[in-house]
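One structure is given below, encoded as structure tokens.
Since we're looking at a predicted model, the values are computed, not measured.
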Protein chains: 2
Amino acid sequence: MEQDIEIKPVLPDFELDGFLPYLLAEAAQKLSRDLADIYRDSGLSTPQWRVMVHLSYSGRVSVRDIERRVSMEKSKVSRAAARLEAAGLVEKRADPVDGRLVALSLTDQGRALMARLLPRALDYQRQLEGLLGADLNGFRHALAQLLNSEKTA
Amino acid sequence: MEQDIEIKPVLPDFELDGFLPYLLAEAAQKLSRDLADIYRDSGLSTPQWRVMVHLSYSGRVSVRDIERRVSMEKSKVSRAAARLEAAGLVEKRADPVDGRLVALSLTDQGRALMARLLPRALDYQRQLEGLLGADLNGFRHALAQLLNSEKTA
DNA sequence: TTGACATCGTTGCGCATGCAACGAAAGATC
DNA sequence: GATCTTTCGTTGCATGCGCAACGATGTCAA
């Protein structure tokens, strides 16, 4: 008889279902997928969507601004912006003051697209808020705590 | 004078800082990065870590099991398992009952590694729980709600 | 002004990823 | 039992990603 059904857990206390990084990753992935249903039909990838969202309420912005704000790699932002420009949704100009900066802004076509998509995103947001109900405030507070926390290592 | 500092937000109600899918994605990414500091030194990638964790408390499992449980693509699981086998951490056998299934299990070396890493993961978990404090229960409940929700679309 | 250093955005490169297609094996139907 | 369908795991392929290196521009100091 070989070693057979000897299921000896390495660490009995450990439960994957209660592990916060795992749960958070699962939830984030699900929400991201559901949200993507809103903008996928418009031909936007997730990085492109994020850039568009940022431009929708931040006006004219550089690549570096988006990188810091949304924690996207600058190369990711750069490529997303290049495709958005090719699609006619975003305009890239050289910053008149600082020649290194690229000033990104929505074109009329891009603004029209987001004027159509953002309300749907807000609907989804309100749907989520309704789902969470009484837990919403605590949930927001918890997320803020996690985002601002330093790892003790 | 060209169109200049006319920052007209597309949708005034929209605030990225309060948008739940965005916040959740940010928080999940941060926790995943911090957690990775625990196992990165051991040469494990994130998919490999997830497979190891699953095997640590589930005993012998097939690729399909992991795919369903951890919502990882089966190709992702397959490649992670192949590398773990090459590293001597995981053993792959053919299931004696169902020839299609691959029975994955930890080797002694793999078990020893996880016996060293899992306590550190639990420490991190407890650190997070302490950080959340009174919000912890509500946070867990909220995550469960989100994970089980159906999109109204 | 000139030269050394920093910052911004793009691009090349190696690698991981997701998707589809495939062979092998099991199950279903007759 | 023979054939058709389904399931499992692997692999090929196109694409996206992170990281480093690069050219271009700005900044600073002497």
Side-chain angles (χ1 to χ4, degrees), chain A residues 25-26 28-30 32-37 39-40 43-52 54-55 58 60-87 90-105, chain B residues 25-26 28-30 32-37 39-40 43-52 54-55 58 60-87 90-105:
Chain A
E26 290 291 302
Q29 183 179 350
K30 173 174 170 45
S32 178
R33 282 188 183 277
D34 287 355
L35 179 65
D37 292 340
Y39 56 76
R40 176 158 307 168
L44 296 180
S45 69
T46 297
Q48 289 170 345
W49 161 256
R50 288 203 180 184
V51 170
M52 292 294 285
H54 194 72
L55 291 179
S58 287
R60 194 162 305 172
V61 178
S62 72
V63 170
R64 184 70 175 179
D65 290 330
I66 298 181
E67 178 186 13
R68 293 185 178 171
R69 195 72 176 65
V70 198
S71 69
M72 282 173 61
E73 279 283 321
K74 57 180 178 178
S75 62
K76 210 172 175 179
V77 177
S78 177
R79 286 188 249 250
R83 302 201 175 180
L84 289 172
E85 184 190 27
V90 160
E91 189 182 36
K92 291 171 62 179
R93 297 189 187 178
D95 190 298
V97 181
D98 189 337
R100 299 171 299 179
L101 297 179
V102 171
L104 298 174
S105 61
Chain B
E26 290 291 304
Q29 183 179 348
K30 172 175 171 47
S32 178
R33 283 187 182 277
D34 288 355
L35 178 65
D37 292 339
Y39 57 75
R40 175 154 307 171
L44 296 180
S45 68
T46 298
Q48 289 170 345
W49 160 258
R50 288 203 180 186
V51 169
M52 292 293 285
H54 194 71
L55 291 178
S58 287
R60 195 161 304 168
V61 177
S62 71
V63 171
R64 184 69 176 180
D65 290 330
I66 298 181
E67 178 185 14
R68 292 184 178 171
R69 196 70 175 65
V70 198
S71 68
M72 283 172 61
E73 280 282 321
K74 58 180 177 178
S75 63
K76 209 172 176 178
V77 177
S78 177
R79 286 187 249 249
R83 303 201 174 181
L84 290 172
E85 186 190 26
V90 160
E91 190 183 35
K92 289 170 63 177
R93 296 189 187 179
D95 189 298
V97 181
D98 189 335
R100 298 170 300 179
L101 297 179
V102 171
L104 299 174
S105 61

Of the listed nucleotides (D:dT11, D:dG18, D:dC17), which one gets closest to any side-chain atom of B:Ser75? D:dT11

With A:Arg68, which residues qualify under salt bridge (charged side-chain N to carboxylate O under 4.0 Å, His left out), at least two apart? none

Hits for side chain to side chain contact (heavy atoms under 4.5 Å, CB included) against B:Ala36, two or more places apart or cross-chain, chain-then-number order -> B:Tyr39, B:Arg40

Would you mind classifying the nucleic acid contact of A:Ser62 as base, sugar-phosphate or nothing, using non-hydrogen atoms under 4.0 angstrom? sugar-phosphate

Excluding sequence neighbours, so at least two apart, what forms salt bridge (charged side-chain N to carboxylate O under 4.0 Å, His left out) with B:Glu67? B:Arg64

Using a heavy-atom cut-off of under 4.0 Å over every strand shown, decide if B:Lys76 touches base, sugar-phosphate, or nothing. sugar-phosphate

Roughly, in whole Å, what's the span from CZ in A:Arg50 to P in D:dG16? 17 Å

Could you check which of D:dT11, D:dC17, D:dG26 has an atom nearest any side-chain atom of B:Arg79? D:dT11

Between B:Lys92 and A:Lys74, name the one whose nearest nucleotide on DNA chain D is closer to the 5' end. B:Lys92

Let me check something: any side-chain donor-acceptor pairs from residues 76-83 of chain A under 3.5 Å, sequence neighbours excluded? List them with distances.
none

Go through the structure and list residues passing side chain to side chain contact (heavy atoms under 4.5 Å, CB included) with B:Ala25, not counting sequence neighbours. A:Arg50

From the list D:dG9, D:dG26, D:dG18, which nucleotide is the closest neighbour of the side chain of A:Asp98? D:dG26

Quick one: do A:Asp37 and A:Arg33 make a salt bridge, cutoff under 4.0 Å? no

Spacing of A:Arg64 atom CZ relative to D:dG26 atom C1', expressed in whole Å: 15 Å

Could you tell me the separation between the CG atom of A:Asp95 and the C1' atom of D:dT25, rounded to a whole number of Å? 12 Å

Taking for each residue the nucleotide of DNA chain D bearing the nearest heavy atom, is the 5' side occupied by A:Arg83 or by B:Leu101? B:Leu101

Could you tell me from which nucleotide to which nucleotide of DNA chain C, 5' to 3', there is an atom under 4.0 Å from chain A heavy atoms? C:dT7 to C:dG12

